[in-house]
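Notes follow once the structure below has been shown.
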Amino acid sequence: EFIVGDKDGVAFCKSENVGALRLTEKFFENEIVSDEELKATIDFINQTIQGTIDIVKSRNVKKLVGIGGTVTSVSAINQKLEVYSMEKVHNSKICKKELDEILQMLKNMTDKKRLKGLQPKRADIITAGVVILDIIMEKLEINEIIVSEYDNLEGLMCQIAKKMS
């Protein structure tokens with residue numbers, strides 16, 4: 001999901017057909033990701049989201065906020081959390097360099113379920129999720145992402161409550 005907005009509300013919203021599970025099933029055959037698999041994944045993501053990236057860039061976005069399993073997992077991995085902590089993850093920041101380092105580690109790792117900070121149920125799809133996030137940050141030329149534990153549902157509830165008052 002790409003959502004662009006400010007204090008006045010949502011200015012642009014588009015859902016793209018790329019996700020960690022879909023890309024894992026489509027491109028990654030083994031735990032260790034080959035250079036060919038990675039290149040094919042990157043090419044697919046680039047082709048799929050380029051139009052949306054162009055629109056987002058044209059709106060002069062300065063701040064990137066990430067929600068969902070991939071970005072919260074990356075924050076927990078980055079902080080090497082023994083036990084997941086919503087308080088430590090929410091409002092944390094991940095810079096592009098840290099994300100690149102995590103991607104390099106993940107693509108060569110065989111037992112991701114043992115990785116500190118990563119929930120075992122996300123282990124199979126985390127690499128594809130990190131590739132997606134990495135490409136988005138690179139294409140938008142934004143070096144840092146703020147992690148939110150809140151998601152679209154809370155945003156929708158706030159929007160509805162605002163209209164009711």
Side-chain angles (χ1 to χ4, degrees), residues 1-4 13-57 61 63-86 88-153:
E1 297 286 330
F2 289 84
I3 302 171
V4 179
C13 179
K14 181 154 187 211
S15 181
E16 290 290 0
N17 203 11
V18 294
L21 178 59
R22 181 170 192 256
L23 295 182
T24 299
E25 290 172 346
K26 185 173 179 81
F27 294 104
F28 299 161
E29 291 185 23
N30 303 299
E31 282 187 281
I32 295 178
V33 178
S34 72
D35 291 340
E36 294 79 22
E37 289 171 328
L38 187 59
K39 183 182 181 329
T41 305
I42 291 168
D43 290 346
F44 177 81
I45 295 167
N46 282 330
Q47 289 176 331
T48 305
I49 69 171
Q50 189 58 56
T52 298
I53 291 291
D54 292 342
I55 293 168
V56 172
K57 281 182 85 167
V61 171
K63 193 180 285 187
L64 194 57
V65 177
I67 63 172
T70 293
V71 75
T72 56
S73 294
V74 169
S75 176
I77 292 167
N78 201 34
Q79 297 179 62
K80 297 176 177 59
L81 298 180
E82 294 280 346
V83 176
Y84 189 87
S85 167
M86 182 178 174
K88 289 180 180 176
V89 169
H90 184 68
N91 275 331
S92 63
K93 294 177 181 170
I94 304 160
C95 73
K96 180 77 165 63
K97 182 176 184 255
E98 292 166 331
L99 190 64
D100 290 339
E101 289 169 1
I102 290 170
L103 178 56
Q104 289 308 309
M105 175 186 63
L106 288 172
K107 72 178 200 167
N108 296 310
M109 184 179 261
T110 54
D111 192 7
K112 294 175 183 78
K113 289 181 180 164
R114 298 181 54 147
L115 185 60
K116 278 185 191 175
L118 182 61
Q119 297 171 347
K121 67 180 182 179
R122 295 209 63 86
D124 293 342
I125 63 170
I126 189 65
T127 306
V130 172
V131 172
I132 297 164
L133 185 56
D134 194 57
I135 289 171
I136 291 168
M137 289 178 75
E138 182 179 311
K139 289 197 155 289
L140 291 178
E141 299 173 32
I142 297 178
N143 191 45
E144 181 179 82
I145 186 166
I146 301 163
V147 181
S148 176
E149 270 287 347
Y150 300 104
D151 63 22
N152 292 346
L153 184 56

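Sequence positions, counted from 1, serve as the residue numbers for this chain.
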Q: Examine distances only and state if a side-chain atom of H90 and a backbone atom of S148 form a donor-acceptor pair shorter than 3.5 Å.
A: no

Hey, can you pull the donor-acceptor pairs under 3.5 Å for the side chains in residues 125-144, sequence neighbours left out?
residue : atom : partner : partner atom : Å
D134    : OD1  : K96     : NZ           : 2.9
K139    : NZ   : Q50     : OE1          : 2.7
E141    : OE2  : K57     : NZ           : 2.9

(Q) If I take atom CG from residue L115 and atom CG from residue L106, how far apart are they, to the nearest 0.5 angstrom? (A) 6.5 Å

Q. Between CG of L118 and CD1 of I77, what distance do you get to the nearest 0.5 Å?
A. 4.5 Å

Q | Expected output: side-chain N78 to main-chain V74 donor-acceptor under 3.5 Å | A | no

Q) Counting only N and O atoms by type, is there a donor-acceptor contact under 3.5 Å from the side chain of S75 to the main-chain atoms of T72? A) no

Q: State, yes or no, whether a side-chain contact exists between V65 and I3 at a heavy-atom distance under 4.5 Å.
A: no

Q: Check for a donor-acceptor pair, side chain of E37 on one end and backbone N or O of S34 on the other, with a separation under 3.5 Å.
A: yes

Q: Report yes if the side chains of F44 and V18 come closer than 4.5 Å at any heavy-atom pair, otherwise no.
A: yes

Q: Give a yes or no answer on whether the side chain of R122 reaches the backbone of S73 with a donor-acceptor pair at less than 3.5 Å.
A: no

Q.
For a 4.5 angstrom cut-off between non-hydrogen side-chain atoms, does F28 reach T41?
A. yes

Q.
With heavy-atom distances below 4.5 Å as the criterion, would you say the side chains of F27 and V33 are in contact?
A. no

Q) Which distance, rounded to the nearest 0.5 Å, do you find between the CG of N17 and the OG1 of T48? A) 7.5 Å

**Q.** Euclidean distance, K93 NZ relative to E98 CD, rounded to 0.5 Å
**A.** 11.5 Å

(Q) Donor-acceptor check, side chain of Q79 to backbone of K88, threshold 3.5 angstrom: yes or no? (A) yes

Q. Does a side-chain N-to-carboxylate-O contact under 4.0 Å join D124 and K112?
A. no

Q.
Looking at E16 and K14, is any side-chain nitrogen of the basic one under 4.0 Å from a carboxylate oxygen of the acidic one?
A. yes

